Trainee: 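One structure, as structure tokens, below. Some questions next.
Just the heavy atoms: all of them, side chains too, but no hydrogens, waters or symmetry mates, feed the values below. These numbers come from a predicted model, not from an experiment.
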Amino acid sequence: ADSSRVTDQQTTTYEDIKNRKFDFSTRSFVNQDLDREVRGTASGEGSGLQVKLAEPENETLELDEARFPTEHMIELIDKARQGEQFYESRIFDGSDDANAAMITTTVIGAQKATPESGSDAEKAGALAGEGFWPVTISYFNDVQTGDGLPVYTINFKMYENGVTRDLTMDYGDFVLEGKLAELDMLEPEPCKE
């Protein structure tokens with residue numbers, strides 16, 4: 001009660017969708033001292049995932065088939081475009097100990113044509129007047145049985161190109177909120193073969 005503690009978590013990921021490879025690294029600092037590091041690579045192997053951890057120790061894990069984060073976002077956009085409102089998926093994002101996937105339950109609201117007044121939509125630049133979907137994703141432990149509570153839930157507004165804004169992350173004991181501060185749209189470069 002008489003002191004404060006600063007926690008800083010830094011996450012870096014790279015996803016190769018074509019080859020189903022996902023590199024991840026998470027470093028957690030407490031009061032500027034490295035507290036924990038998780039680093040590794042996951043790849044799609046037949047009907048499952050193979051995860052090779054380099055930190056905190058060398059270890060290879062075999063997990064059930066799961067989507068990586070960008071694959072999950074592409075799936076979400078496709079489901080929203082098709083008018084689906086509810087679906088379940090398994091995702092691996094390298095979080096926590098990177099030793100398990102999570103089950104996600106996604107609810108997609110009806111597309112809204114115009115932004116609500118007083119929102120962070122004006123920060124979305126050219127997208128400000130575009131339609132968006134309100135989305136809620138609940139994350140559950142993959143090994144859980146029965147009707148359990150989610151580990152955490154996120155809510156956001158998603159444009160058709162995957163840009164999101166107005167984020168709320170609810171962990172039960174605490175809630176984090178994020179607003180879009182600035183969006184710079186870059187011209188796409190041609191893909192290299």
Side-chain angles (χ1 to χ4, degrees), residues 11 13-24 42-49 63-95 100-117 119-171 176-180 183-191 193:
T11 301
T13 62
Y14 175 77
E15 189 171 335
D16 178 349
I17 294 175
K18 182 178 177 183
N19 296 306
R20 293 229 59 234
K21 185 177 175 190
F22 179 63
D23 298 328
F24 55 92
S43 58
E45 298 288 330
S47 62
L49 293 182
L63 303 178
D64 289 336
E65 178 63 29
R67 297 191 184 283
F68 297 135
T70 301
E71 290 177 317
H72 190 247
M73 178 58 82
I74 290 169
E75 177 185 51
L76 173 57
I77 293 168
D78 287 343
K79 300 278 187 187
R81 286 177 178 161
Q82 295 167 17
E84 292 193 39
Q85 296 180 316
F86 183 84
Y87 74 98
E88 186 177 278
S89 190
R90 179 179 283 115
I91 183 172
F92 177 84
D93 61 6
S95 61
M102 297 192 84
I103 299 295
T104 62
T105 300
T106 302
V107 178
I108 307 168
Q111 188 174 28
K112 301 196 183 264
T114 58
E116 57 286 337
S117 62
S119 71
D120 58 352
E122 67 277 357
K123 303 288 187 179
L127 298 176
E130 298 291 321
F132 62 89
W133 289 277
V135 177
T136 299
I137 304 176
S138 297
Y139 292 79
F140 297 86
N141 287 323
D142 194 13
V143 294
Q144 188 168 300
T145 58
D147 293 334
L149 295 173
V151 176
Y152 65 97
T153 302
I154 63 173
N155 298 290
F156 54 87
K157 295 177 173 75
M158 179 186 75
Y159 293 103
E160 193 164 358
N161 62 0
V163 170
T164 62
R165 64 176 179 83
D166 197 15
L167 172 70
T168 301
M169 301 175 75
D170 185 345
Y171 291 91
L176 301 172
E177 292 184 355
K179 299 290 183 188
L180 181 62
L183 177 64
D184 294 324
M185 300 292 281
L186 304 176
E187 289 298 321
E189 294 183 18
C191 292
E193 296 276 335

Trainee: May I ask you to say whether R81 pairs ionically with E160, meaning some side-chain N is under 4.0 Å from a carboxylate O?
Mentor: yes

Trainee: Could you go through the side chain to side chain contact (heavy atoms under 4.5 Å, CB included) check for F68 and R20 one step at a time?
Mentor: CA-CA 8 Å; F68 297 135; R20 293 229 59 234; 3.8 Å; yes

Trainee: Do R165 and Y159 have side chains that approach each other closer than 4.5 Å (heavy atoms only, starting at C-beta)?
Mentor: yes

Trainee: Side-chain contact test, heavy atoms from C-beta onward, threshold under 4.5 Å: evaluate it for I137 versus F156 and give yes or no.
Mentor: yes

Trainee: Counting C-beta onward and ignoring hydrogens, is there a side-chain heavy-atom pair between I154 and Y139 closer than 4.5 Å?
Mentor: yes

Trainee: Check whether any side-chain heavy atom of F132 sits under 4.5 Å from a side-chain heavy atom of V163, and report yes or no.
Mentor: no

Trainee: Hey, what do you get for CE (M169) to CG (L176), rounding to the nearest 0.5 Å?
Mentor: 6.5 Å

Trainee: What pair of heavy atoms forms the shortest contact from S138 to T153, and how long is it?
Mentor: OG-OG1, 3.5 Å

Trainee: Could you tell me which non-hydrogen atom of Q111 sits nearest to which non-hydrogen atom of G131, and how far apart they are?
Mentor: NE2-C, 3.9 Å

Trainee: To the nearest 0.5 angstrom, please state how far the CD1 atom of I108 sits from the CD atom of Q85.
Mentor: 8.5 Å

Trainee: Look up atom OG1 in T13 and atom CG in D93, then write down how far apart they are to the nearest 0.5 Å.
Mentor: 9.0 Å

Trainee: To the nearest 0.5 Å, how far apart are CZ in F140 and CG in L149?
Mentor: 7.5 Å

Trainee: Taking all non-hydrogen atoms of both residues, which atom of M158 and which atom of A80 are closest, and how far apart?
Mentor: CE-CB, 4.0 Å

Trainee: Roughly how far, to the nearest 0.5 Å, is CH2 of W133 from NZ of K79?
Mentor: 14.0 Å

Trainee: For the residue pair F24 and F92, is the inter-centroid distance of their aromatic rings smaller than 6.0 Å?
Mentor: yes

Trainee: For residues A66 and L49, report the shortest heavy-atom separation together with the two atoms involved.
Mentor: CB-CD1, 3.7 Å

Trainee: Has E15 got a side-chain atom pairing as donor or acceptor with E71's backbone, closer than 3.5 angstrom?
Mentor: yes

Trainee: Search all heavy atoms of M102 against all heavy atoms of Y152 and return the closest pair with its distance.
Mentor: SD-CE2, 4.3 Å

Trainee: With side chains defined as the heavy atoms from C-beta onward, is the minimum distance between K179 and D166 less than 4.5 Å?
Mentor: yes

Trainee: Would you call V135 and K157 a side-chain contact if the rule is heavy atoms closer than 4.5 Å?
Mentor: no

Trainee: Return yes if some donor-acceptor pair links the side-chain N/O of T104 with the main-chain N/O of S89 below 3.5 Å, else return no.
Mentor: yes

Trainee: Evaluate the side-chain proximity of E75 to R67: yes if any heavy-atom separation is below 4.5 Å, no if none is.
Mentor: yes

Trainee: Could you check whether any side-chain heavy atom of N161 comes within less than 4.5 Å of a side-chain heavy atom of L127, counting everything from C-beta outward?
Mentor: yes

